[in-house]
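From a predicted model like this one, the values you see are computed outputs, not experimental measurements. Order of appearance sets the numbers: ligands from 1, and atoms from 1 within every ligand. Side chains included, hydrogens not; waters and symmetry mates left out as well; all remaining heavy atoms used.
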Amino acid sequence: MENYNVSDIRNVIVVAHSGAGKTSLIEALLFNAGATTRLGSVASGTSICDYNPDEIERKITINGKFLNLVWNNKKVNLVDTPGYADFIGDLIGALRAVDASIVIVDAVGGVEVGTERVWEFLEKHNLPRIIFINKLDKENANFFETVNSIQEIFGKTCVPFQFPIGKETNFKGARDLLTQSNFDQLDENEKKYALSLREQLIEKIAETDDNLLEKYLEGETLSLEALKKALRQGVISNRIIPIFLGSATNNLSIGPVLDAIDEYFPSPFDRGQIKGVIPNSDKEEVRKPQVDSPFSALVFKTISDPYVGQLTLFRIFSGSLNSDSGFFNSSKRSKERIGQLYILQGKNQIPIKNAIAGDIVAVAKLKDTTTGDTLCDEKNPILYETIKFLEPILSESVKPKSRQDEEKISSALQRLASEDPTFKIGRDPQTKELIISGMGDLHLEVMVSRLKSKYSVDVEIGVPKVPYKETIQKKAQVQGKYKRQSGGRGQYGDCWLELEPLPRGEDYEFVDKIVGGAIPRNYIPSVEKGAREAMQEGVLAGYPVVDVKVTVYDGSFHPVDSSDLAFHIAGSMAFKKGQQEASPVLLEPIMDVEVIIPEEYMGAITGDLNSRRGRIMGMEQRSKMQVIKANVPLAEMLKYATELRSMTGGRGMYSMKFSRYEEVPQKIAQTVISQSKKSEERKE
Ligand code: GDP
Ligand code: MG
């Protein structure tokens, strides 16, 4: 579509629990608007949205998809989203690019957990929305029960806008309550019911507008035009959420959804100005969503593909942009040149000459830009708040299977991470393992299989090792003496060390208390190096030793045989002996954990945390959910993502971050120590 205005754009995200029919609805919308020539299907792998090989194979949406259609001279950009919590990253990014949402509810399954979870995100973004009750063709579909459950969970701002024609296998479509289309075909009872629903809808609409409410209360008939106008304002201001219905795969009652996008959803202009700051200051700066404002945009997604290369997707907030031009990245403070601009239709990139405020577009091959960056006009800089993705909650260790895999693994992982901000990679400095982290086991499973299918890298996965440490509990004074006499020049080094516990987290301190030249000055650094080396691998189980003060206070030397090496070895011997005598203990990482669950799981989840050696630190109510804060050893949390999901039927969420090291209880320490000895033996 060429020559359109900001007010002609609609940016719509489709959200719901997995399997409710998001992808199928988008297929139906595209088909009915003439953007596609046939109705694609998820079940037969012909969807224009679910085009990745692993999506076709699993019959689920894994990555967010971008599509567009034209309806009543409106340019509609659609975002299809994955329903699984594992792939929530794409949803969080895209929420910053859209102005409205269609929430799908399955007419058989009702409101499911994934839908409740995204609803919270929609509320946070204050996103206008409609609800679409899908699958009304199915045998056990029940429109009225579904409406009841929607109102129970999401409140009475949700009101039916339509009424189903025919039931279950005989489902034929929808009647519009506002226009009363086909009401005369209803039998007496149905008609009475439909009219009462209509009354509810009108009352709800009237309540959003004082003027209208007055007329309504005085019994005046409200014109269709006035009602539609008020409904639009009500939807935009989030005071009313109309409920539509239909069947996506049977292509029934899809037209009214297209009309609703046109008539009731806000354009980027209706959403108002966008707030940011002037870069390097706290000074607020705003942009009006207009073509004649300076250019500004937010990058909300990066797609990385071994064949296509890197594609950057952004929402233009103000101004306009031409192909073969450039912009300033105010997050990275770098200038970027751009070639061809594109809009996306599933996997197809459609070249466009220019794009205006409100639109969602893509460019290839930027050099510095990453997801969350602000793009703008260099002479009119602005910085928008970056996108806050959730922190990964599950980690696995990965080991390349062959030398070839080893060579390719890090660039392949980098590219997977560049397109998914919830997928992180790192190397544990202590255990040296390569660690991948993500939002759940399905997420990591998909990433590992993409590593193989897209980048031909084969890996073995495992549970990451816990980075234990060792320390001491009391003082010890020990001698380390290294003496060798064999033929020519010998070796001689001798030092006395005092080891002493330091407060937790203070790591290490070295003090030189040698007086009278018992050890010559130039050998002291060697004594320290020796002690430091011994600290790398403690005597208990080979873990690094921390929180120890080492004091060298006496020793002796030999004028010919002493050397740096001899004092280095003496320092190391002394430290090992000293650690042994100073009541060594094992330390483990303790995590700050926050678990968010519905009330009814409180007992089960706190009990479970206790059995993981957790300490409950506090509880609080957050909207409808309970938040439990606890301190739990990392060793007990390695598979929590999966376990919490199964304990709460997918309704629980959690996050955690490192807090501190603490002593491992004796009995558990015994097991860790004997396991580490066993693996040492295996290595040898
Ligand atoms: P998504 O995970 O929300 O994108 O859901 P999909 O669009 O992938 O649909 C999940 C499954 O439900 C697929 O097998 C669809 O064929 C099926 N489905 C979707 N919409 C309907 C519908 O209106 N009626 C029936 N009977 N099945 C549907
Ligand atoms: Mg889908």
Side-chain angles (χ1 to χ4, degrees), residues 12-32 36 38-67 78-91 94 101-119 121-122 129-143 146 162 164-174 243-258 344-347 442-443 446 650:
V12 183
I13 192 166
V14 182
V15 300
H17 189 83
S18 180
K22 297 175 289 295
T23 304
S24 303
L25 178 68
I26 289 184
E27 288 291 343
L29 294 171
L30 291 168
F31 179 67
N32 283 273
T36 51
R38 63 168 186 171
L39 186 62
S41 140
V42 175
S44 58
T46 57
S47 164
I48 184 173
C49 304
D50 289 352
Y51 58 77
N52 287 316
D54 47 7
E55 294 177 320
I56 294 173
E57 191 195 337
R58 292 169 194 261
K59 296 191 169 43
I60 60 167
T61 308
I62 292 172
N63 294 110
K65 300 296 164 14
F66 303 86
L67 303 118
L78 294 168
V79 186
D80 188 14
T81 59
Y84 284 96
D86 282 71
F87 306 115
I88 204 152
D90 269 2
L91 175 98
S101 169
I102 300 174
V103 181
I104 302 187
V105 176
D106 185 323
V108 181
V111 177
E112 290 160 287
V113 295
T115 312
E116 280 183 70
R117 185 168 44 230
V118 290
W119 193 270
F121 284 100
L122 301 179
R129 67 206 86 145
I130 65 170
I131 291 171
F132 181 77
I133 300 182
N134 188 33
K135 305 195 187 179
L136 273 170
D137 59 290
K138 285 187 90 170
E139 203 168 317
N140 298 317
N142 190 322
F143 176 73
T146 312
Q162 296 178 317
I165 312 174
K167 270 193 212 140
E168 299 188 351
T169 46
N170 198 19
F171 173 69
K172 291 198 191 73
I243 303 175
F244 290 71
L245 61 94
S247 162
T249 46
N250 293 30
N251 198 17
L252 286 169
S253 196
I254 303 302
V257 179
L258 286 165
L344 297 186
Q345 187 72 311
K347 66 176 164 188
L442 182 61
H443 187 201
V446 163

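Close approach to S247 involves these atoms of ligand 1, each under 4.0 Å from a residue heavy atom: 22 (C), 23 (O), 24 (N). Heavy-atom contacts of K138 reach the following atoms of ligand 1: 26 (N) (cutoff under 4.0 Å).
For T23, heavy-atom contacts with ligand 1 shorter than 4.0 Å involve the backbone as well as the side chain. Using a 4.0 Å cut-off between heavy atoms, D137 contacts ligand 1 through its side chain alone, with no backbone atom that close.
For the residue pair T61/T23, the side-chain donor-acceptor check at 3.5 Å is satisfied.
Considering only heavy atoms from C-beta on, L122 comes within 4.5 Å of R129 through its side chain. Between V103 and V118 there is no side-chain heavy-atom pair separated by less than 4.5 Å. Within the 4.5 Å cutoff, side-chain heavy atoms of L91 are placed close to those of I13. At a threshold of 4.5 Å between non-hydrogen side-chain atoms, the residues L258 and L29 count as touching. Looking at heavy atoms from C-beta onward, L245 lies in side-chain contact with F171 at the 4.5 angstrom threshold. Put simply, the side chain of K135 does not reach to within 4.5 Å of the side chain of T146, judged on heavy atoms. Taking the side chain as every heavy atom from C-beta outward, K59 and D50 never approach each other to under 4.5 Å. Side-chain contact check for K65 versus N63: some heavy-atom pair is nearer than 4.5 Å.
Protein heavy atom in closest approach to atom 13 (C) of ligand 1: V42 CB, 4.6 Å. The protein heavy atom nearest to atom 5 (O) of ligand 1 is G21 N, 3.1 Å. Remark: minimum distance from atom 9 (O) of ligand 1 to any protein heavy atom is reached at S24 OG, 3.6 Å. Nearest protein neighbour of atom 20 (N) of ligand 1, counting heavy atoms only, is N134 ND2, 3.0 Å. Nearest to atom 14 (O) of ligand 1 among the protein's heavy atoms is A43 CB, 4.3 Å.
Residue A248 has at least one N or O atom closer than 3.5 Å to an N or O atom of ligand 1. Considering backbone and side-chain N/O atoms, G246 never comes within less than 3.5 Å of an N/O atom of ligand 1. Some N or O of T249 is nearer than 3.5 Å to an N or O of ligand 1, by distance alone.
Annotation: the span from C49 atom SG to L25 atom CG amounts to 10.0 Å, rounded to 0.5 Å.
Residues K22 and V15 approach most closely at CD-C, 3.5 Å, considering heavy atoms.
Between the Mg ion (ligand 2) and T61 there is an N/O/S contact shorter than 2.8 Å. The Mg ion (ligand 2) lies at 2.8 Å or more from every N, O or S atom belonging to S47.
Taking a 4.0 Å cut-off on heavy atoms, A20 registers as neighbouring ligand 1. Within the structure, ligand 1 lacks G83 among the residues with a heavy atom less than 4.0 angstrom away.
Between atom 11 (C) of ligand 1 and the options G114, G19, S47, S44, the minimum heavy-atom separation is to G19. Scanning K59, K22, K135, H17 for the heavy atom closest to atom 1 (P) of ligand 1 points to K22.
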